[in-house]
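Okay, structure first, notes after.
All residue numbers in this chain count up from 1 along the given sequence. These numbers come from the heavy atoms of this one structure, side chains and all, not from hydrogens, waters or symmetry mates.
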Amino acid sequence: GKGIGGSLYDNRCVILDLATKSIGRTFVGHSGVVLDVCFSRDSKLLITGSDDKSLRVWDVESGQPLWSRCLTHQVVSVGTSPCGTHIVCTIE
């Protein structure tokens, strides 16, 4: 289905299902506010950055975390390279 990713101020990230106008999937794991989200090119992965200084990659279908990395500062924005093989983030 078609959805849009968003963050909530309770450290969760959600995908809103545009067809049903309801929450389709919730991603729980950050200990701080999720500041940015980005889908991979194929929409199979969701990348999140948080003020808990972590960058995470999630499986959209299952909602399970696939990878995480702790950084030295809060992650304020996330994205992918045009070819989809690299993740980029900015920290503050």
#### Entry: Partners meeting side-chain hydrogen bond (donor to acceptor under 3.5 Å, both in side chains) with E61 (sequence neighbours left out)
none

### Task
Using distance alone, with no hydrogens and no angle criterion, decide if D52 and H30 have a side-chain donor and acceptor under 3.5 Å apart.
yes

### Task
Answer yes if the side chains of H86 and T80 hold a donor-acceptor pair under 3.5 Å, and no otherwise.
no

### Message
Tell me the closest heavy-atom pair linking G79 and C38, and the distance in Å.
### Response
CA-SG, 3.7 Å

### Message
Would V37 and I47 count as a side chain to side chain contact (heavy atoms under 4.5 Å, CB included) here? Give the steps.
### Response
CA-CA 6 Å; V37 299; I47 300 104; over 6 Å; no

### Query
What are the two closest heavy atoms between V78 and L55, and how far apart are they?
CG1-CD1, 3.4 Å

#### Entry: NZ on K44 to CG on L66, rounded to 0.5 Å
12.0 Å

### Task
Under the side chain to side chain contact (heavy atoms under 4.5 Å, CB included) rule, what do I91 and T72 come out as? Steps first, then yes or no, please.
CA-CA 8 Å; I91 59 174; T72 57; 4.0 Å; yes

### Message
Count I, L, V, M, F, W, Y as connected when their side-chain heavy atoms are under 4.5 Å apart, and connections chain through other members. Are V34 and L45 then in the same cluster?
### Response
no

### Message
How long is the straight-line distance from SG of C89 back to CG of L71, given to the nearest 0.5 Å?
### Response
5.5 Å

### Query
What's the spacing between N11 CG and D51 CG if we round to 0.5 Å?
7.5 Å

### Task
Find the distance between CD (E92) and OG (S77) and round it off to the nearest 0.5 Å.
9.5 Å

### Task
Return the minimal non-hydrogen interatomic distance between V28 and R12, and the atom names on each side.
CG2-CG, 3.9 Å

#### Entry: S68 side chain to R56 backbone, donor-acceptor under 3.5 Å
no

### Summary
Rounded to the nearest 0.5 angstrom, the OG1-CH2 distance for T48 and W58 is 5.5 Å

### Query
Who passes side chain to side chain contact (heavy atoms under 4.5 Å, CB included) against V60, sequence neighbours left out?
I15, F39, L46

### Query
Between S50 (side chain) and V33 (backbone), is there a donor-acceptor pair under 3.5 Å?
yes

### Message
Please determine whether side chain to side chain contact (heavy atoms under 4.5 Å, CB included) holds for the pair R25 and V14, giving the CA-CA distance in whole Å, both sets of side-chain angles, and the decisive distance to 0.1 Å.
### Response
CA-CA 6 Å; R25 171 97 44 224; V14 297; over 6 Å; no

